[in-house]
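Letters go in sequence order (proteins before strands), and every chain restarts at 1. Remember, predicted model here, so these are calculated numbers, not experimental data.
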Protein chains: 2
Amino acid sequence: MRLAELSRRSGVSTATIKFYLREGLLPPGHRVSSTQADYDEEHLRRLQLVRALIQVGGVSVADARGVLAAVDDASLDQLSRMGTAVAALPQALPAPADDDEEAPTAERVAVEVQRRLGWRVVPGNPAHQALVSAVSALLRLGYPCDGEALLPYGELAERLAEHELALVEEFAAPTTQLEAAVALTVLYEPVLLSLRRLAQAERASRLLSGGEDPDEAPE
Amino acid sequence: MRLAELSRRSGVSTATIKFYLREGLLPPGHRVSSTQADYDEEHLRRLQLVRALIQVGGVSVADARGVLAAVDDASLDQLSRMGTAVAALPQALPAPADDDEEAPTAERVAVEVQRRLGWRVVPGNPAHQALVSAVSALLRLGYPCDGEALLPYGELAERLAEHELALVEEFAAPTTQLEAAVALTVLYEPVLLSLRRLAQAERASRLLSGGEDPDEAPE
DNA sequence: ATGATTGGATAGTGTCACTCTCCTATCGAT
DNA sequence: ATCGATAGGAGAGTGACACTATCCAATCAT
């Protein structure tokens with residue numbers, strides 16, 4: 001398949017594909033001559049993953065490169081690659097906040113939840129940092145947020161993780177499990193957030209309007 | 001309080017505060033002369049909310065303006081304002097994908113989950129659109145994703161929403177409930193996502209390393 | 001042989017969230 | 001009153017980012 005066909009089948013412009021090739025998000029095609037390259041189904045698949053990461057998952061090009069590099073790194077075992085790949089996913093939480101006086105409290109809260117859930121605590125983990133940032137912001141605005149309050153969230157998160165890893169094992173061949181793990185981690189994120197927003201809207205409207213709607217049938 | 005003091009107490013540069021004032025994210029200070037204005041605690045609080053929305057929540061300046069306008073809009077009742085405010089929050093899902101052949105399927109899946117949960121379906125809702133986009137991306141990558149599979153996510157989302165609305169009612173005075181709803185919606189998002197990532201890392205490492213760790217105590 | 005196409009390289013575009021510079025008006029101290 | 005310092009407002013500028021448009025030489029199909 002030539003670049004033009006890859007573009008047609010993926011819906012991504014040739015210019016953008018070239019950009020991804022240049023940025024190392026997409027492995028180069030198999031050179032068939034000095035000015036022509038050939039792309040296969042694997043390229044198409046990878047391209048769709050890249051698009052999903054960037055457009056749906058909001059991952060930056062640089063971070064996507066890191067994630068994919070980890071997925072492809074044959075020198076690591078599966079666990080390390082998965083860890084590296086997921087760790088390379090960002091949370092887009094920019095400032096660890098240097099002069100943040102809530103930070104120590106937030107750090108304590110974050111550690112406490114994880115301890116109470118029996119999780120290993122890895123302070124360097126980006127997800128851990130993101131958690132600290134978010135808790136810190138909550139505290140700064142005066143909302144209560146302690147280990148106790150976060151526990152239910154952590155339990156829900158465990159259930160999600162369990163479910164998603166089961167999906168990965170069930171629906172992906174071993175060679176594509178890493179890719180599946182990355183894709184599901186990133187793509188179920190907006191799913192979860194959207195459903196949460198929808199649930200909030202639903203609850204709020206029932207609550208404030210007195211639930212006079214006829215078509216409700218909870219549980 | 002002068003601009004300089006507001007800046008000092010919030011940790012936000014005067015240049016940025018001026019920018020927020022210009023963009024209408026922060027109401028103007030009380031003019032004390034033609035070139036001086038006075039800011040109060042309410043300004044400080046609002047500024048912290050703006051920072052939380054933008055930095056932690058990843059909300060754009062334009063969207064933040066919309067959210068805050070809805071929060072402040074005295075011409076609407078509380079329900080409408082909350083709906084408008086939360087709807088104005090983005091999901092940063094850019095492309096509803098015009099030429100997307102998975103879109104109709106995704107739409108059907110999204111509607112099905114919501115119906116099965118007894119929620120009202122509002123096709124125009126940004127959260128609904130985001131859900132469709134995400135499901136569509138999942139399908140395009142070949143991962144199974146139907147109403148059945150999303151149901152557990154929806155149920156979890158309901159529990160989250162319930163919990164968060166309870167928090168809003170419990171910890172915020174009626175006049176600040178809207179602000180609390182917005183803040184909690186946005187700030188619990190990264191909390192949830194971080195915990196999910198941490199849970200995934202935990203599960204994955206246990207799974208792949210054979211769970212030889214001594215300190216695990218699941219369930 | 002030749003016109004179109006391909007792939008690669010380079011530079012440009014639009015957006016966004018600030019940030020810098022400048023300017024005038026006022027404030028506080030003398 | 002005066003004078004340097006500072007406040008606040010307006011506009012342009014900056015840097016990051018994700019593309020995107022333009023060239024160009026080398027092929028490929030005919």
Visitor: Distance check needed: D:dA7 C1' versus B:L6 CG, whole Å only.
Guide: 13 Å
Visitor: Identify, between B:Q36 and B:S60, the residue whose nearest nucleotide on DNA chain C lies closer to the 5' end.
Guide: B:S60
Visitor: Rounded to whole Å, how long is the line connecting atom CE of A:M1 with atom P of C:dT5?
Guide: 20 Å
Visitor: Between B:R31 (CZ) and C:dT26 (P), how many Å, whole number?
Guide: 10 Å
Visitor: Using heavy atoms to find the nearest nucleotide of DNA chain D for A:S33 and A:K18 separately, return the residue whose nucleotide is more 5′.
Guide: A:K18
Visitor: What's the separation between atom CD in B:E158 and atom CZ in A:R196, rounded to the nearest 0.5 Å?
Guide: 14.0 Å
Visitor: Looking across every strand, which nucleic acid part, if any, lies under 4.0 Å from B:R51 by heavy atom: base, sugar-phosphate, or nothing?
Guide: sugar-phosphate
Visitor: Walk me through whether A:R51 and A:S10 qualify under side-chain hydrogen bond (donor to acceptor under 3.5 Å, both in side chains).
Guide: CA-CA 9 Å; A:R51 284 307 267 192; A:S10 63; over 6 Å; no
Visitor: Is the shortest side-chain N/O distance from A:Y20 to OP1 or OP2 of D:dA18 below 4.0 Å?
Guide: no
Visitor: If each of B:V59 and B:T35 is mapped to the nucleotide of DNA chain C with the nearest heavy atom, which maps nearer the 5' terminus, i.e. the 5' end?
Guide: B:V59
Visitor: Could you measure the distance from the CG atom of B:L25 to the OG1 atom of B:T16? Nearest 0.5 Å is fine.
Guide: 11.0 Å
Visitor: Under 4.0 angstrom, heavy atoms only, what part of the nucleic acid is A:T14 near: base, sugar-phosphate, or nothing?
Guide: nothing
Visitor: D:dT20, OP1 or OP2 - any side-chain N/O from A:T16 closer than 4.0 Å?
Guide: yes
Visitor: Does C:dT26 have its OP1 or OP2 closer than 4.0 Å to a side-chain nitrogen or oxygen of B:R2?
Guide: no
Visitor: Figure out the CZ/P separation between B:F19 and C:dT19, and round it to whole Å.
Guide: 10 Å
Visitor: Do you know the tightest heavy-atom contact between B:P144 and A:Y188?
Guide: O-OH, 4.1 Å
Visitor: Of the nucleotides C:dG7, C:dT19, C:dT10, which one has an atom closest to the side chain of B:A15?
Guide: C:dT19
Visitor: Let's see if you can work this out: which of D:dT20, D:dG11, C:dG7 has an atom nearest to the side-chain heavy atoms of B:R22?
Guide: D:dG11
